[in-house]
Number of protein chains: 2
Amino acid sequence: MDKSRRTTIQDIAKFVNVSIGTVDRVIHNRGNVSPDKKKKILEAIKILNFNPNFLASTLALGKQRHICSLLPHPDSTNSFWQLPKKGVKQTAAEYKDFGITYTAFDYDLKEESSFVEKSLAVLDANPDGVILAPLFRKESELFIKKLEEKQIPYIFIDSFIPDQKDLSYIGPDLKGGGYVAAKLMSSILSPNDDILIVNLIKSVENSNLNVIEKGFREFFNDSNINSKREIKSITIPSLEERDINVELTKYYLKNPETKGVFVTNSKASLIAKYHVLHELSVKMIGFDLLEDNIKEMKDGNIDYLISQRPFFQGSMAVKALFHYFIYKKIPSKLQLVPLDIIIKETVDYYMDFKEPTVGNFLSKN
Amino acid sequence: MDKSRRTTIQDIAKFVNVSIGTVDRVIHNRGNVSPDKKKKILEAIKILNFNPNFLASTLALGKQRHICSLLPHPDSTNSFWQLPKKGVKQTAAEYKDFGITYTAFDYDLKEESSFVEKSLAVLDANPDGVILAPLFRKESELFIKKLEEKQIPYIFIDSFIPDQKDLSYIGPDLKGGGYVAAKLMSSILSPNDDILIVNLIKSVENSNLNVIEKGFREFFNDSNINSKREIKSITIPSLEERDINVELTKYYLKNPETKGVFVTNSKASLIAKYHVLHELSVKMIGFDLLEDNIKEMKDGNIDYLISQRPFFQGSMAVKALFHYFIYKKIPSKLQLVPLDIIIKETVDYYMDFKEPTVGNFLSKN
DNA sequence: GAAATATTTGTTTGCGTACACAATTTTTGT
DNA sequence: ACAAAAATTGTGTACGCAAACAAATATTTC
């Protein structure tokens with residue numbers, strides 16, 4: 001069965017006895033085609049099972065689309081924000097041949113003004129689509145208003161602002177993340193063990209962590225174990241070892257019975273280090289597969305890490321925009337990424353795992 | 001900054017003052033180019049940062065590659081084997097425009113002869129690459145020998161035969177899967193609770209389950225809790241409710257203290273149903289996100305499911321072959337997929353999660 | 001019923017590359 | 001020095017599609 005190659009526009013034209021121009025007009029709904037020929041052509045498309053060749057189509061069209069990302073600047077080489085950014089960058093590069101170009105804009109998580117500045121830069125770049133982590137609520141709202149005025153589609157990743165005209169939110173179910181953390185915590189503690197929730201944030205803008213904490217507490221409300229467990233939370237607005245030491249020591253002196261700590265962002269390793277230093281045996285749960293976190297997990301100082309596939313978030317955002325550009329396909333508004341539960345024994349699988357990418361055509365001489 | 005479009009072969013030709021033919025010869029290392037021109041062209045490629053346009057390249061080349069899969073026939077619409085197959089099929093369809101065609105061959109898991117028959121059919125189809133789940137060891141070895149004679153590259157998914165010339169193995173670390181299951185089991189049982197390992201298999205050929213069991217036991221050997229826990233295993237060579245009932249009842253009557261059950265394949269739901277029917281409260285761990293398993297997990301009859309990303313295995317196998325075809329890129333020989341630990345609270349995220357695909361160009365009238 | 005206009009259809013060029021073939025230049029042998 | 005052979009370089013066509021342009025009908029207008 002030497003199945004002859006795919007049917008082309010030519011085939012259809014010949015089949016219906018018209019020129020390829022007419023077929024093209026029908027395919028693109030460009031009008032100016034007599035009803036009967038249109039009908040015949042549509043039939044032929046069905047019969048011969050015609051799909052336009054995506055390569056030839058893109059090549060002929062030659063349209064360039066520019067994607068910009070506006071994400072927090074990674075505060076170190078081992079920062080959470082490296083990951084989604086890498087996902088965006090790498091995937092955009094994959095689509096280079098398909099006319100996708102990409103520029104990254106990073107804002108300073110500590111400076112609202114930086115966000116404003118960079119968001120203006122994004123607008124200046126005149127993008128066809130924007131990928132945004134809207135950590136500053138008010139400033140983000142202003143920004144997306146401008147995007148909407150210019151009819152530029154945008155996608156939220158990592159966190160989102162409700163009730164907006166974003167194309168999609170691609171990121172974790174924050175509340176669910178807290179809930180899952182609580183479930184895991186409860187599975188490794190005794191019913192009456194006290195728990196501490198640590199919010200390690202610099203700016204107070206970001207209310208996501210509250211949502212996470214809410215989810216965490218909700219689990220313990222749901223599970224009507226009539227335990228006498230105490231669940232307290234503290235906020236440490238600094239990532240400096242000194243500050244953390246002071247605050248934690250203050251807390252532990254008052255609450256020596258704390259048996260589990262849940263850190264609501266990716267900085268669990270900082271708390272784990274404190275525990276090691278002070279020889280405290282406390283169960284710990286945190287987020288994200290950062291080098292420091294992994295090290296502490298392997299050393300037994302963190303019990304569970306929950307990952308929200310940050311690389312994938314970036315990767316999917318680009319893909320969604322691409323599909324929107326090319327096929328006018330509207331992605332589902334809410335795309336919650338899986339919350340991966342990771343333990344010492346499974347972490348290496350996640351780190352070694354590399355999905356091959358489409359593009360990356362390099363002349364190999 | 002109206003960044004001029006990408007540099008093309010034309011640009012290079014003009015830059016060096018030669019014809020595109022000569023540039024082409026250099027790019028493809030096809031010889032017959034004077035050394036100095038070659039040098040200049042290579043320099044220009046560097047300077048102008050030239051990458052061949054993948055679209056145009058593929059289009060001009062117009063080469064077709066045929067991929068065949070040889071996987072177990074899904075024994076129901078809700079079978080594990082649906083998943084990798086779907087991954088292969090969908091991804092192959094994505095690459096249709098890139099010249100990839102695909103044919104699926106399914107063999108009967110109960111019949112070695114079926115494997116032989118289908119493997120011959122694969123050879124008849126004259127594929128350019130094969131994706132294979134080598135569940136019958138001996139028959140698989142014969143098959144891949146023939147593939148090697150014909151120089152047809154092949155990739156193992158789901159399980160593999162060691163020391164072969166396969167392009168890659170894409171699948172779980174089976175032993176690691178057992179080990180992880182054990183870790184989880186130990187976290188939900190008391191130190192002295194007895195455990196049962198259930199091997200639900202029809203054919204004895206498949207030694208993978210032994211590897212999984214080995215990993216499971218290894219964990220308890222490693223963790224030198226001097227418990228008096230008993231870990232026994234039984235093999236039930238049937239999926240019929242009757243047979244399972246008989247065997248399990250026989251076992252439980254003799255071992256009433258069993259508190260945890262680990263099922264080494266995707267059929268944990270069958271055991272869970274038995275427990276419900278007989279009102280047994282037993283902790284359970286199994287593999288794979290099948291509908292039945294998910295239901296039992298949501299009902300509280302299965303505590304953990306471990307997923308090995310079956311869809312992705314298929315998807316990645318196609319991508320790896322594609323890259324091998326196009327870029328001659330040899331994938332890493334061992335690509336262990338992450339072992340996702342899934343609980344009632346996270347299962348929905350996995351089910352809802354849909355990665356957008358590249359192709360699927362459908363005229364949307 | 002012819003001119004003017006509107007509608008429908010056909011043709012051509014270009015996207016960037018691969019490759020066959022033609023044309024040119026260089027080298028070799030005598 | 002000159003033909004013959006070898007090495008090098010240039011040109012044209014095709015891949016399948018999109019879109020501009022040109023041509024051919026059909027319809028309207030007076």
Side-chain angles (χ1 to χ4, degrees), chain A residues 4-41 44-45 48-65 96-100 325-327 359 361-363, chain B residues 4-41 44-45 48-65 96-100 325-327 359 361-363:
Chain A
S4 54
R5 78 209 188 305
R6 290 179 52 181
T7 83
T8 70
I9 283 192
Q10 287 282 2
D11 298 330
I12 308 237
K14 221 166 281 172
F15 191 84
V16 188
N17 225 29
V18 294
S19 73
I20 58 167
T22 311
V23 176
D24 186 64
R25 257 167 239 123
V26 171
I27 290 174
H28 295 89
N29 254 319
R30 228 182 283 126
N32 288 333
V33 177
S34 68
D36 64 318
K37 293 223 165 145
K38 178 168 181 178
K39 187 162 150 268
K40 275 185 195 160
I41 288 173
I45 286 179
L48 300 182
N49 184 31
F50 166 78
N51 298 64
N53 182 317
F54 179 60
L55 299 190
S57 170
T58 318
L59 187 63
L61 200 44
K63 196 159 189 174
Q64 296 284 320
R65 319 276 193 156
K96 200 171 58 174
D97 284 330
F98 298 88
I100 297 292
F325 292 152
I326 306 293
Y327 310 118
F361 199 131
L362 297 172
S363 32
Chain B
S4 53
R5 77 207 191 306
R6 290 180 53 182
T7 84
T8 71
I9 283 193
Q10 288 282 1
D11 299 329
I12 308 241
K14 221 167 280 172
F15 190 83
V16 187
N17 226 30
V18 293
S19 74
I20 59 167
T22 309
V23 177
D24 186 65
R25 258 166 239 122
V26 172
I27 289 174
H28 294 88
N29 254 318
R30 230 183 281 124
N32 288 332
V33 178
S34 68
D36 64 317
K37 292 223 166 145
K38 177 169 182 178
K39 189 164 147 265
K40 275 184 195 161
I41 289 173
I45 286 179
L48 301 183
N49 184 31
F50 167 78
N51 296 66
N53 183 316
F54 179 61
L55 300 190
S57 171
T58 318
L59 186 63
L61 201 44
K63 197 161 189 172
Q64 296 284 320
R65 320 274 192 157
K96 200 170 58 174
D97 285 330
F98 298 89
I100 298 291
F325 292 153
I326 306 292
Y327 310 118
F361 200 132
L362 296 173
S363 32

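Quantities reported herein were computed from a predicted structural model and do not represent experimental measurements. Residue numbering restarts at 1 for every chain, and letters A, B, ... go by the order of the sequence lines.
Place B/L61 and B/N17 on DNA chain D by their nearest nucleotides, and B/N17 ends up nearer the 5' end. Map B/L59 and B/G21 each onto its nearest nucleotide of DNA chain C; the residue landing nearer the 5' end is B/L59.
Atom-to-atom, CG of A/D97 to P of C/dC15 comes out at 16 Å; the value is rounded to the nearest Å. What separates CD1 of B/I20 from P of C/dC21 is a distance of 17 Å, to the nearest Å. With rounding to whole Å, B/R30 atom CZ is found 15 Å from D/dT8 atom P. Rounded to an integer number of Å, the gap from A/I41 CD1 to C/dT8 P is 13 Å. Look at CD1 on B/I326: it is 16 Å from P on C/dT17, rounded to the nearest Å. Rounded to a whole Å, the CG atom of B/D11 is 10 Å from the C1' atom of C/dG16. Between A/Q10 atom CD and D/dC17 atom P the separation is 8 Å, expressed in whole Å. Straight-line distance from the CG atom of A/D24 to the C1' atom of C/dG14: 14 Å, rounded to whole Å.
Nearest heavy-atom pair, B/A13 versus B/S19, reported as atom, atom and distance to 0.1 Å: CB-C, 3.9 Å. Between B/N53 and B/L55 the shortest heavy-atom distance is OD1-N, 2.8 Å. Of all heavy-atom pairs between A/A44 and A/V16, the closest is CB-CG2, 3.5 Å. Residue A/N51 comes nearest to A/R6 through the heavy atom pair O-NH2, 2.9 Å, listed as atom of the first residue, atom of the second, then distance.
In this structure, B/S57 reaches the C/dA18 phosphate: one of its side-chain N or O atoms is under 4.0 Å from OP1 or OP2. Close to D/dT8, at under 4.0 Å from its OP1 or OP2, lies no side-chain N or O of B/K37. In terms of phosphate contacts, B/T22 brings a side-chain nitrogen or oxygen within less than 4.0 Å of OP1 or OP2 of D/dG10. Between B/R25 and D/dT9, a side-chain N or O to OP1/OP2 separation shorter than 4.0 Å is absent.
Distances from the side chain of B/N32 to the nucleotides C/dA18, D/dT9, C/dT9 place D/dT9 closest. When distances run from any side-chain atom of A/H28 to the nucleotides D/dG10, D/dC17, D/dA18, the shortest one goes to D/dA18. Of the listed nucleotides (C/dT9, D/dT8, C/dC15), C/dC15 has the atom at the smallest distance from the side chain of A/A60. When each of D/dA19, D/dT11, D/dC21 is scored by its nearest atom to the side-chain atoms of B/S19, the top-ranked nucleotide is D/dT11. Closest approach to the A/S34 side chain among C/dT8, C/dT17, D/dG16 is made by C/dT8 (side chain taken as heavy atoms from C-beta onward).
No engagement by A/G62 is indicated, since no non-hydrogen atom pair under 4.0 Å with the nucleic acid exists. Within the 4.0 angstrom heavy-atom criterion, only backbone atoms of the sugar-phosphate kind lie near A/I9; the bases stay farther away. Nucleic acid contact class of B/L55 (heavy atoms, under 4.0 Å, all strands): none.
Between A/Y327 and A/F54, the ring-plane angle classifies as tilted under the 30° and 60° cut-offs.
One N or O on the side chain of A/R65 and one on the backbone of A/F325 form a donor-acceptor pair closer than 3.5 Å.
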